[in-house]
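What follows is a set of notes on a single structure, which appears directly below.
The shown structure was predicted, so the numbers you read here are calculated from the model rather than taken from an experiment. Residue numbering restarts at 1 for every chain, and letters A, B, ... go by the order of the sequence lines.
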There are 2 protein chains.
Amino acid sequence: MTVHAHPELTKNQSLVFGSLSDAGGPLTAYAILDILRENGFRAPLQVYRALDKLVEYGLVHRLESLNAFVACSHKGCSGHGSAAFAICEKCGEVSEFTPDDAIQLLKDWTDGKGFRLSRTTIELRGICRSCGAET
Amino acid sequence: MTVHAHPELTKNQSLVFGSLSDAGGPLTAYAILDILRENGFRAPLQVYRALDKLVEYGLVHRLESLNAFVACSHKGCSGHGSAAFAICEKCGEVSEFTPDDAIQLLKDWTDGKGFRLSRTTIELRGICRSCGAET
DNA sequence: AGTCTAAACGTAACACTATTACGTCAATAC
DNA sequence: GTATTGACGTAATAGTGTTACGTTTAGACT
């Protein structure tokens with residue numbers, strides 16, 4: 001498996017991040033656990049602890065509507081605007097993008113309400129181009 | 001409990017919708033189940049089936065990031081643009097709003113990708129005005 | 001009425017997702 | 001060298017959601 005080393009990552013964090021990067025798409029915590037059993041993982045908490053840190057570092061995103069996690073699509077990630085996700089309900093493909101303009105409009109609303117925004121979740125469900133093109 | 005009758009709702013659906021309306025905020029499916037035990041509810045599926053229909057009717061929204069459900073804030077609901085939610089992480093208050101402009105920008109992106117959008121999830125986490133004002 | 005069908009319902013068992021609790025280990029700071 | 005901190009290992013448990021199977025109810029149609 002590719003290791004995707006990161007200077008600041010511990011061994012477990014690297015393994016979890018590597019499994020997500022290799023998957024090229026979202027995985028549930030338990031799917032990651034199964035993948036990493038051959039690397040000595042035994043319990044969900046090992047995965048969740050690593051995921052907590054990776055999400056904190058911005059290397060991994062959580063997809064709330066799937067209860068799954070995905071590696072950030074920005075190669076040298078670390079520090080960019082909030083992300084949004086288009087999730088194909090047919091093939092499961094997930095496209096990450098960064099709709100700064102839309103997020104600014106949302107922030108305008110929260111500012112007007114005196115709501116201090118800390119995190120945005122934007123997930124779009126639908127059918128991707130290639131699935132929609134099928135007969 | 002208020003009954004919030006709705007011509008098209010079955011008894012179970014009315015009970016579930018009533019519990020959510022009375023709560024004035026989000027409830028998990030199991031919280032609803034506990035509330036409705038005194039009305040004869042015995043199993044989670046009774047709640048989930050009713051919720052499925054209520055969400056389909058647009059009377060109830062699912063909050064993905066809370067694994068919870070909330071009654072739509074539009075009194076005579078039924079048929080309006082996609083909703084967004086601002087969730088206070090301190091007091092739990094949820095404000096629903098309808099950011100048509102932001103959603104249009106997201107739709108512009110999906111249209112450009114040939115992604116046929118069917119459902120949007122927008123959930124904003126942060127601290128509401130009254131909680132942020134506290135010492 | 002009688003019967004057919006579709007939707008909703010009741011119940012039990014199970015599967016999936018996430019956390020709590022408790023103890024250990026290694027690195028660093030004083 | 002011991003105190004603190006953060007990561008780790010393991011087990012048990014809590015919380016969320018679904019599958020499977022059978023029954024009931026309400027209309028539609030002879």
Salt bridge (Lys or Arg N to Asp or Glu O under 4.0 Å) assessment of B:R119 paired with B:E64: CA-CA 12 Å; B:R119 190 163 67 82; B:E64 302 282 0; 3.6 Å; yes

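When rounded to the nearest whole Å, the span between CG of B:D52 and P of C:dA7 equals 15 Å.
With a 4.5 Å cut-off on side-chain heavy atoms, A:L27 and A:I35 count as touching. A heavy-atom distance below 4.5 Å is not found between the side chains of A:K113 and B:S95.
Checked against ring pair (Phe, Tyr, Trp, His ring centres under 6.0 Å), A:F41 has no partners two or more places apart in sequence or in another chain.
For the helix from C:dA1-D:dT30 to C:dC30-D:dG1, the terminal axes (five pairs an end, C1' atoms, rotation from four pairs onto the next four) enclose an angle of 30°, given to 10 degrees.
Grouping the Ile, Leu, Val, Met, Phe, Trp and Tyr side chains by contacts below 4.5 angstrom, directly or via other members, places A:I127 apart from B:F115. Residues A:Y48 and A:I32 share a single hydrophobic cluster, defined by chaining ILVMFWY side chains whose heavy atoms lie under 4.5 Å apart. Hydrophobic clustering of Ile, Leu, Val, Met, Phe, Trp and Tyr side chains at less than 4.5 Å, counting indirect connections, keeps B:I103 apart from B:L105.
Chaining together hydrophobic side chains whose heavy atoms lie under 4.5 Å apart places A:V70 alongside A:L63, A:L66, A:F85, A:I87, A:V94.
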B/S/- contact track for nucleotides 21-29 of chain C, protein heavy atom under 4.0 Å: B--------

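Between B:W109 and A:F97, the ring planes are parallel. Angles under 30° get that label, and only those over 60° would be called perpendicular.
Here the straight-line distance linking atom CG of B:L33 with atom CZ of B:R42 works out to 10.0 Å at 0.5 Å rounding. If you take OG on A:S21 and CG on A:L59, they are separated by 8.5 Å, rounding to the nearest 0.5 Å.
With a heavy-atom cut-off of 4.0 Å to chain B, the contacted part of DNA chain D has its first and last nucleotide at D:dT16 to D:dA20.
Under 4.0 angstrom from either OP1 or OP2 of C:dC9 there lies no side-chain N or O belonging to B:Q46.
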Protein and nucleotides 15-18 of chain C: nitrogen or oxygen contacts under 3.5 angstrom:
from   : atom 1 : to    : atom 2 : distance (Å)
C:dA18 : OP1    : A:R62 : NH1    : 3.4
C:dA18 : OP1    : A:R62 : NH2    : 2.1
C:dA18 : OP2    : A:Y48 : OH     : 3.0
C:dA18 : O5'    : A:Y48 : OH     : 3.4
C:dA18 : N7     : A:Y30 : OH     : 2.6
C:dA18 : N6     : A:Y30 : OH     : 3.3

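A:Q104 and A:D108 are linked by a side-chain donor-acceptor pair at a separation below 3.5 angstrom, with hydrogens and angles left out of the test.
When each of A:V16, A:L15, A:L54 is checked for a side chain to side chain contact (heavy atoms under 4.5 Å, CB included) with A:L9, only A:L54 meets the rule.
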